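A short write-up of the structure that comes next.
What you see below is based on every heavy atom in this structure, not just the backbone, and it leaves out hydrogens, waters and symmetry mates. Being a predicted model, the structure only gives us computed values, none of them experimental.
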Amino acid sequence: MAWWRLCEELLHIVFPYLDAVLVERVGVVDGVVRIAARPHAGTFMPCPDCGYPARRVHSRYRRHLDDLAVGGRSVVIDLSVRRLFCDARDCARRTFTEQIEGLSTRYGRRTNRLQDLLRVIALALAGRAGTRLTTALHTTVSRVTLLNLIMALPEPVVTAPRILGVDDFAIKRGRVYGTVLIDGESHRPIDLLPDREADTLAIWPANHPGAEVICRDRASAYADGARAGAPDAIQVADRWHLWNNLATAVERTVIAHRPCLHETDPQASARATGAPPAELNPDTGSEKWVVTRTRERYLAVQRLLARGWTISAIGRELGLARHTAGRYARCENLHGLTDRAIRTTRLDDYKPYLIQRWNDGCTDAARLFREIRARGYPGRTPQAVRRYLRPLRRVAGPVPAPPPVPKPHRVAHWIMRHPDRLHADEESQLKDIMARCPQLNAVHRHVQAFAQMVCKLQGENLAAWIDAVRADDLPVLRSFAGNLHNDRDAITAGLTQVWSSGPTEGQVNRIKTLKRQMYGRAGFALLRKRVLLT
């Protein structure tokens, strides 16, 4: 085969879009591959306005089009083009420049192939990161050019989905929020709204009718907007948000019953450890002043309450804030109040280590203080360590370490977790706590019933579950049940329908990734383009 045919075949393989032109010369100049080309002789272009075929040449000039790199070298196509006359009498255009299909566009400085690649890079990486990649591809493009390519792209055609997902995302966290809308069946984003107001959301389904199901979180603005924009659509509350809200209510309930997490008999625990009871002052052996004050306040509030005084009047009489007087009035367990008054110190997490080091023979308070400081103890003086060690010095022999008290958030996690996934020690501790506290036992029972509804989509049991919670003395859980009752239709649908806001939450996470990729500085218009086009 002749060498020129080999060259033609190679050009056809590497540059297939050059078949529409005549390649005159290929060479390397200053490390850049330059290809000189011109249109084939005898070919004329029709007028872009009227379509009348042009026959007369006005002038010629050379365009320089950047192309994809080859062999680690940049490529420039030096294209000689003609300016042609339009001879149609009724056409307003007198002259025009011919364009090579698949190769050039009006005012374009790059080939169509390179332009398409830059659009893909810009959508994937945006400005600075995209510039770094194009540099590695031997193409010099600024970050502003890449952003302009994104903004010049046409938006996808918006079609009304049958299943509409709605959720909010942060444009500026804590200050400005927007709304993302997705197709619940294809899981693709279809639009972004600049805020999360009810009126803004109501306009969208009104302009794009056809939504049969709207999956949303429990925000009242989304409920009102969906109701106004698509009154016939079924609103579905997200199951994950329901479970998360229940977990918050359970943790608050466990915190309110924190005394139940301790040993039933604090005196027996004190005898086992050789230390004085928790409510005694280790310096004097007498009751702590905060416990005495708590007991006196409780008795005074209960005495005035029995006389028919209001909470506000009791607060003014005893010099207490209204919410403090109300807390004393509602409390039915004095031991819980006194235990809460002295429930924790900054030293509590380090007491087992101090007992261990004491049994190892280290009795120097200053040295032990330095050791726990290295472990993260925030205290600045060893005084608290000396006070804790003082009663231990009166005990003969080694001192057993105090049993660890589980944190409220851990107990709440045990209650919310599936029983089959609990370890043996966690299950044992949870059973002991529920045996000591009937309220937490009731919470565990309600959580199991709610989990049954969520996992098996038994939304028809929601009303009975709300009534069962209201029958127990669990203020936080009753408040949660009351909120469920206010949005009962959407929550019942969420616990019955297979649709959920899971795909919408996935798009919110994707939006967060895109924002971080642009250092959180992208405006709403640019962010919307990238979300909808990628």
Parallel, tilted or perpendicular for Phe169 and Phe524, by the 30°/60° rule? parallel
I want to check a possible cation-pi pair here: Arg216 against Tyr222, using under 6.0 Å from ring centre and within 45° of the ring axis as the test. no
NZ/NE/NH1/NH2 to OD/OE distance under 4.0 Å, Asp238 and Arg218: no
Any sub-3.5 Å donor-acceptor pair from Lys515's side-chain atoms to Ala170's backbone N or O? yes
Do the charged groups of Arg445 and Asp472 touch, with an N to O distance under 4.0 Å? yes
Consider only side-chain N and O atoms of Arg417 and His413, and report whether a donor and an acceptor are under 3.5 Å apart. yes
Are Ser142 and Thr145 close enough that a side-chain donor and a side-chain acceptor fall under 3.5 Å? yes
How close do Val498 and Arg239 get, counting heavy atoms only, and between which atoms? O-NH2, 3.7 Å
Using 30° and 60° as the class boundaries, would you call the ring planes of Phe480 and Phe450 parallel, tilted or perpendicular? perpendicular
Using a 3.5 Å distance criterion without hydrogens, assess whether the side chain of His241 forms a donor-acceptor pair with backbone atoms of Ala237. no
Check the surroundings of atom CZ in Arg488: do more than 12 heavy atoms from other residues, nucleotides or ligands lie under 6.0 Å from it? no
Please determine, by modelled atom types, if Ser312 and Arg322 share a side-chain donor-acceptor pair under 3.5 angstrom. yes
Against Glu371, only a single residue in Arg375, Arg373, Arg367 fulfils salt bridge (charged side-chain N to carboxylate O under 4.0 Å, His left out); can you say which? Arg367
Under 3.5 Å, which donor-acceptor pairs do the side chains of residues 299-310 form with other protein atoms, sequence neighbours left out?
{"residue": "Gln302", "atom": "NE2", "partner": "Tyr328", "partner atom": "O", "Å": "2.9"}
{"residue": "Gln302", "atom": "NE2", "partner": "Ala329", "partner atom": "O", "Å": "3.4"}
{"residue": "Thr310", "atom": "OG1", "partner": "Ala313", "partner atom": "N", "Å": "3.2"}

If you count heavy atoms of other groups shown closer than 6.0 angstrom to CZ of Arg252, is the number above 12? no
As a test of understanding, state which of Asp168, Val166, Val508, Ile190 forms a side chain to side chain contact (heavy atoms under 4.5 Å, CB included) with Val180. Val508
Is the number of heavy atoms from other residues, nucleotides or ligands under 6.0 Å of Arg410 CZ greater than 12? no
